[in-house]
Protein chains: 2
Amino acid sequence: MLTIGEFSKISKVSPKTLRYYGEIGLLKPGFVSKDSGYRYYEVSQLRDMLLISRLKQYGFSLPEIATVLASGDNQHLAELIRVKKEELLRQIQNQQHIQLQMEHDIQRIERGENIMQSNYLVKTVQVEPKCIYSLRRKMSVRDFGEMFGTLCAGLEKKGLNPTGPFLSIYHDEEFNRECTDIEVGIEVAVDKGEHIRTLSPGLCCFATHVGSYDDFTACYTALMEWIEQEGYTVSGPPFELYVKGCEENVQPSEYVTEIYFPIRK
Amino acid sequence: MLTIGEFSKISKVSPKTLRYYGEIGLLKPGFVSKDSGYRYYEVSQLRDMLLISRLKQYGFSLPEIATVLASGDNQHLAELIRVKKEELLRQIQNQQHIQLQMEHDIQRIERGENIMQSNYLVKTVQVEPKCIYSLRRKMSVRDFGEMFGTLCAGLEKKGLNPTGPFLSIYHDEEFNRECTDIEVGIEVAVDKGEHIRTLSPGLCCFATHVGSYDDFTACYTALMEWIEQEGYTVSGPPFELYVKGCEENVQPSEYVTEIYFPIRK
DNA sequence: TATACAGCTTCCAGTTAGGGCAAAGTCAAG
DNA sequence: CTTGACTTTGCCCTAACTGGAAGCTGTATA
């Protein structure tokens, strides 16, 4: 039998932790003195302790380890390790991706750009299909604001309730200020009717732009760079969500827009 | 100004978290109503929030982020990100190493070997130099026990106090049962004298073997495999530390031995 | 045998970065 | 005025421990 200190030194696990493991029932000492309350461990328990340490390293939680120890089913354990291994793989991939972002940021800072000033955090998201009431037309960017007026009028005439912010979809590959195929719309609850359709872009990457609509380009650039860097391709027309915009009496510097690109690998 | 809910939706950070950040002084709302206690955020604070999210992703703790926000020193931030990047790199390397171990374990289990039965957790450690009183000789393994007797006699004659367990060092490249160059010793406090020398193996990997001395081979094999797998080479004679052994009246199944290999890349 | 001291015990509190839930107060639309 | 969505504070909870205090035990030494 070993005292908790001896067991600790051999197993490289602190006495504190050993007491904790006893408390939660993960590894109870082989014998506890009735008089003194001293814990004594069997040497054979070192094996259990080593397995615990190893599984912990593999990313198992303590309750998970407890069930593994209790079952003693090795084939099942192999499967569980495989699952953890795949989880770890995903983690590593994610971390490698973060490393690229870090390098990107470092270089931006070293080029003298202020990371706080144009800080687009590109994220991916699975966009749920939404029903939109929309108008699509080839037009000049100058007629853009007018389209929203038409849209609002149409909404009112039909008695529709918007259930989301305004949005616009850019159907042209290349953006042309004078004549672009733009669809402006808004999310609604009903799913049938004239000018009503379902928008289901699927997997998207997006970034949030704060400020006037003049400098969207930086955000678009950031998104396009990200898409290229991550090895995705654009799988549909990009769209903008006017989360906070001109319909209220808000300063242009306070506008909030989310820019989305549907993507696939 | 945005309510906490609006700010939350745009920044993709939960209201709870925003309140928490306000509480710890990381990001306080631009305005708090005196009547209702409602928090209102400036749109410009979204930038700060995005930076916080990003640095969090990079592995910064919240206090670290707070100092970054407070200082506004971008050059310094670049350095800090670089440090975190290296930290992440080390983490990734460690995780890749763990992945190899996992695969190894899975295969062991699938070959029907019991992971609990021969579970050597190989670790690396920088072994501090220690003074040992030792005897070195070419001998048969059968004379091994006798050597410890001689060693004990020598200790007693010199009036030396052991400050660690017995150990033995295997100076031959290839282990030969009949005639091996073995040094047996024990750690002592004094650093000068006949048969006293300093053992400074430096970086070692080691594993703990529990049980009789008969099946050390599995442990040695595990260590050698590990060394090969990790791309290390052996840089000195291996040694064994008899953490719990035959000097007490202990069953062979209770012996505890640590086996060390000095290594370098 | 007395004592010193290392080692052991329990109990309580704290760590990170928030999540859950409840009761009560507030805002804006109809 | 009411309704319903939103927000507030407050309290407890998480995982896997670590730290510290106060007191008890085991063993080596004088």
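Lettering follows sequence order; numbering is per chain, from 1. Computed from a prediction, not measured in an experiment: that's the story for all the values here.
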Give the intermediate values and the outcome of side chain to side chain contact (heavy atoms under 4.5 Å, CB included) for residues Q101(A) and Y58(B).
CA-CA 9 Å; Q101(A) 269 196 46; Y58(B) 289 176; 3.5 Å; yes
May I have the distance from [X] (atom [atom1]) to [N] (atom [atom2]), rounded to whole angstrom?
{"X": "L2(A)", "N": "dG7(C)", "atom1": "CG", "atom2": "P", "answer": "15 Å"}
{"X": "Y41(B)", "N": "dT7(D)", "atom1": "OH", "atom2": "C1'", "answer": "11 Å"}
{"X": "I4(B)", "N": "dT26(C)", "atom1": "CD1", "atom2": "P", "answer": "17 Å"}
{"X": "I52(B)", "N": "dG18(C)", "atom1": "CD1", "atom2": "C1'", "answer": "14 Å"}
{"X": "E23(B)", "N": "dG19(C)", "atom1": "CD", "atom2": "P", "answer": "13 Å"}
{"X": "R39(A)", "N": "dC24(D)", "atom1": "CZ", "atom2": "C1'", "answer": "14 Å"}
{"X": "R19(A)", "N": "dC12(C)", "atom1": "CZ", "atom2": "P", "answer": "16 Å"}

Sugar-phosphate, base or nothing in reach of [X], heavy atoms under 4.0 Å:
{"X": "I24(A)", "result": "nothing"}
{"X": "Y40(A)", "result": "nothing"}
{"X": "P29(B)", "result": "nothing"}
{"X": "T3(A)", "result": "sugar-phosphate"}

Assess the side chains of E240(A) and Y242(A): does a donor N or O sit below 3.5 Å from an acceptor N or O?
yes
Regarding Y260(A) and E258(A), do their side chains bring together a donor and an acceptor under 3.5 Å, going by distance alone?
yes
Parallel under 30°, tilted from 30 to 60°, perpendicular over 60°: which one fits the rings of F148(A) and F166(A)?
perpendicular
Where the side chain of [X] is defined as all heavy atoms beyond and including C-beta, which of [options] is the nearest nucleotide?
{"X": "L62(B)", "options": "dG19(C), dT10(C), dA17(C)", "result": "dA17(C)"}
{"X": "Y20(A)", "options": "dC17(D), dT8(D), dG18(C)", "result": "dC17(D)"}
{"X": "Y21(A)", "options": "dC17(D), dA16(D), dG18(C)", "result": "dC17(D)"}

side-chain N/O K56(A) vs dC17(D) OP1/OP2, d < 4.0 Å
yes
At less than 4.0 Å, is any side-chain N or O atom of T17(B) found next to OP1 or OP2 of dG19(C)? Yes or no.
yes
Rounded to the nearest 0.5 Å, the CD atom of E64(A) sits from the NZ atom of K84(A) at a distance of 3.5 Å
Return whichever of F60(B) or S36(B) has its heavy-atom-nearest nucleotide of DNA chain C closer to the 5' end.
F60(B)
By nearest-nucleotide position on DNA chain C, the 5'-leaning member of Y38(B) and S61(B) is S61(B)
For K16(B) and for G5(B), find the nucleotide of DNA chain D with the closest heavy atom, then tell me which residue's nucleotide is more 5'.
G5(B)
Relative to the 5' end of DNA chain D, which residue comes earlier, D35(A) or S14(A), by the nucleotide with the nearest heavy atom?
S14(A)
